[in-house]
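In what follows, a structure is listed as structure tokens, so that the remarks can point back to it.
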Amino acid sequence: MRSVFPAEPTLTTRREFVLKAAVGTTLSVLGGLYVIAGDGLTREARAQQLPDGRPRLPPGQRVLTALRPMGGEEGDPSVSAFELRVTGEVDQPLTLDFQGLLGLPQVQQSLDVHCVTGWSVLGAGWEGVRVASLAAAAGIRPTARYAIFEGANGYTANVPLRIAMAPESMIAHKLDGQPLAQPHGAPARAVIPALYFWKSAKWITGVRFTRVDEPGYWETRGYHNHGDPWREERYG
Ligand SMILES: Nc1nc2c(c(=O)[nH]1)N[C@H]1C(S)=C(S)[C@@H](COP(=O)(O)O)O[C@H]1N2
Ligand SMILES: [Mo]
């Protein structure tokens, strides 16, 4: 499965992480110390750097091997009910059903995500459509400066356009080769790896491009408006 989602060459693959995690767990048991299962992964990730020199693991984070379901007001997981609207500062507003989403260029990317509560999952394989592809299909206007990601039941998250248009920012419908599970936002969610994971709206229903910023669900409830994990922009 890893061969389908090759990690960046400079980064340790998830398989190696898992092996190191197992070793770390064994050592902790032998030593009679309390060490969380992910400690080996966390140490390993701390030693790694991103291509631009930042540490792979942002400060204050520890590594888990799988996403922790963080809840939220669930949307309809069925593919037949799926509808994604691309609206706002665009020339041709789009409404895509699930087939329409699959009809846009698909990418498979190995990406790290960082939850503000302190856990990170590194190098999971995400499959779906780049936000930039949606923007191009809808004819995004030069006046657009923010992307507002809309989830079911009114959840929103604001992202500066530059970050939304980065190649790793995507709408994902598969995780590690499997259709996205309901707790993680089935049938599709945003994945915005540059910012804390709350920006990655689950049960996605819309991407709205705006001229002005619109702080979203968590940004209006005490969390940071921007949310850069490397700057620890956790709270507003
Ligand atoms: N629609 C929606 N999306 C959401 C949330 C939510 O409550 N509703 N929670 C966010 C938060 S705070 C986090 S940390 C991640 C958690 O994703 P996960 O449950 O797949 O781990 O989803 C984000 N996306
Ligand atoms: Mo979160």
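Ligands are counted one by one from 1 in listed order, and the atoms in each one are counted from 1 as well.
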Check your understanding: Run the ring-ring contact (aromatic ring centres under 6.0 Å, His included) check on W230 and H114 step by step: do they pass?
Key -> CA-CA 10 Å; W230 285 269; H114 310 289; 5.1 Å; yes
Check your understanding: Is the CZ atom of R54 crowded by more than 12 outside heavy atoms at less than 6.0 Å?
Key -> yes
Check your understanding: Take atom CZ in R145; do more than 12 heavy atoms of anything else shown fall under 6.0 Å from it?
Key -> no
Ligand 1: which protein N/O atoms lie under 3.5 Å from its N/O atoms?
residue  : atom   : partner : partner atom : Å
ligand 1 : 1 (N)  : K202    : O            : 3.0
ligand 1 : 3 (N)  : K202    : N            : 2.8
ligand 1 : 17 (O) : R189    : NH2          : 3.2
ligand 1 : 19 (O) : M70     : N            : 2.8
ligand 1 : 19 (O) : K202    : NZ           : 2.6
ligand 1 : 20 (O) : H184    : ND1          : 2.6
ligand 1 : 20 (O) : R189    : NH1          : 2.7
ligand 1 : 21 (O) : R68     : O            : 2.6
ligand 1 : 22 (O) : R189    : NH2          : 3.3
ligand 1 : 24 (N) : S200    : O            : 3.0

Check your understanding: Hey, what else clusters with W198 if you join Ile, Leu, Val, Met, Phe, Trp, Tyr whenever side-chain heavy atoms sit under 4.5 Å?
Key -> V116, Y155, Y196, Y217, W218, Y223, Y235
Exercise for review: Could I get the full list of salt bridge (charged side-chain N to carboxylate O under 4.0 Å, His left out) partners for E89, not counting sequence neighbours?
Suggested key: R211
Check your understanding: How would you list all residue pairs meeting ring pair (Phe, Tyr, Trp, His ring centres under 6.0 Å) that involve residues 54-89, not counting sequence neighbours?
Key -> F82-F98
